[in-house]
Amino acid sequence: PSGITGEVYLKGDSILVNDTSQDPRYVPLGGWNAASIISVPLKEGERVFGIINVESSQPNAFTANDLIAIESLSGILSAVVASADQYKHLQNTIRQLRQIQVELKARMDAQQAAERRLLQAAKLAAVGEMAAGIAHELNNPLTTVSGFTELVLEDIPAEAGYREELEMVQREAKRATEVVRRLLDFSRPGTQSRTRADLNKIVED
């Protein structure tokens, strides 16, 4: 920065010049030659962010009161601009806080969903353990029923009237044993493997 306005910008102090021809700091603009000038900084704290220049083609056009009036105007304008900057900064802060709020809500929702999945997994694990316990308890009596039914069927003639009922008992015991086996399979840690399968058979199962 050069000239009177450059000095005001660098030092942050107001300058009143009533005869620019006697002041070597004055640098005329193209097509305009001022004889008197008031230059007042616009400041926020110690930072100069603008300058008010009032110029006249007549020498001795301004008084000390004029300088005070311009400085008062500068104070008002500086406060307005600073407030606008603070308001803009506040709006940016609010937007950032809202974004953070959205992100926190998303994280909390994700955490709650994960907790629900963990709880469901724990419930399934408990069900699996319970199923395994029940299956083991059922296995022994089912094995006894199936075994004794088979022994009885071997000893009775094919034309015996109650043979059909015993065969039904044997079939149902085997079916219950199969259910128990599936319960045990459910409770064990699963392993993945690829194999060919009949989809109709799986659906029917």
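As a basis for the values below, the full set of heavy atoms in this structure was taken, side chains included, without hydrogen atoms, waters or symmetry mates.
When atom types are taken as modelled, the side chain of S57 and the backbone of A34 share no donor-acceptor pair closer than 3.5 angstrom. N139 places no side-chain N or O within 3.5 Å of a backbone atom of T177 that could act as its donor or acceptor partner. Remark: the backbone N or O of I15 is not paired with any side-chain donor or acceptor of S39 at under 3.5 angstrom. The closest donor-acceptor contact from the side chain of Y26 to the backbone of I37 lies at 3.5 Å or more, if one exists at all. Here the side chain of T149 pairs no donor or acceptor atom with the backbone of Q170 at under 3.5 angstrom.
Side-chain atoms of N140 and T143 include no donor-acceptor pair closer than 3.5 Å. In the model, N65 has no side-chain atom that pairs as donor or acceptor with a side-chain atom of T63 under 3.5 Å.
The cluster map of Ile, Leu, Val, Met, Phe, Trp and Tyr, joined by side-chain heavy atoms under 4.5 Å apart, puts L10 and V48 in the same cluster. Residues I4 and V27 are members of separate hydrophobic clusters, defined by side-chain heavy-atom contacts under 4.5 angstrom among Ile, Leu, Val, Met, Phe, Trp and Tyr.
Across P41 and G12, no two heavy atoms sit closer than the pair CG-O, 3.4 Å. A197 and I202 make their closest contact through CB-CD1, 3.7 Å (heavy atoms, listed as atom of the first residue, atom of the second, distance). For the residue pair R163 and L153, the shortest heavy atom distance occurs at NH1-O, 2.9 Å.
Connectivity analysis of hydrophobic side chains (ILVMFWY, heavy atoms under 4.5 Å, direct or indirect) links V81 to L16, I38, V40, L42, F49, I52, V54, F62, L67, I70, L73, L77.
R116 CZ to Q120 CD: the interatomic distance, rounded to the nearest 0.5 Å, is 11.0 Å. Expressed to the nearest 0.5 Å, how far CG of D66 lies from CG of N18 amounts to 9.0 Å. Note: R171 CZ to L166 CG = 11.0 Å, rounded to the nearest 0.5 Å. Between M108 atom CE and K105 atom NZ the span is 8.5 Å, to the nearest 0.5 Å. For the atom pair E7 CD and I51 CD1, the distance stands at 10.5 Å (nearest 0.5 Å). Between atom CG of residue N33 and atom CD of residue E55 there is a gap of 9.5 Å, rounded to the nearest 0.5 Å.
Ion pairing between a basic and an acidic side chain is recognised when a charged N comes within 4.0 Å of a carboxylate O; R175 and E172 show such pairing. Taking the charged nitrogens against the carboxylate oxygens, E178 and K174 have no contact shorter than 4.0 Å, which rules out a salt bridge. The residues R25 and D23 are annotated as salt-bridged, a charged nitrogen and a carboxylate oxygen being separated by less than 4.0 angstrom.
Enclosure of atom CD in E167 by more than 12 non-hydrogen atoms of other residues, nucleotides or ligands within 6.0 angstrom is indicated. Within a 6.0 Å radius of CD in E165, other residues, nucleotides and ligands contribute more than 12 heavy atoms. Open room surrounds CD on Q101; 12 or fewer heavy atoms of other groups in view lie less than 6.0 Å from it.
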Checking side-chain contact (heavy atoms from CB on, under 4.5 Å) for the pair V102/R98: CA distance, chi angles, key distance, verdict?
-> CA-CA 6 Å; V102 171; R98 285 176 178 168; 5.6 Å; no
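Looking at heavy atoms from C-beta onward, V180 lies in side-chain contact with L142 at the 4.5 angstrom threshold. At least one side-chain heavy atom of K123 sits under 4.5 Å from a side-chain heavy atom of L119.
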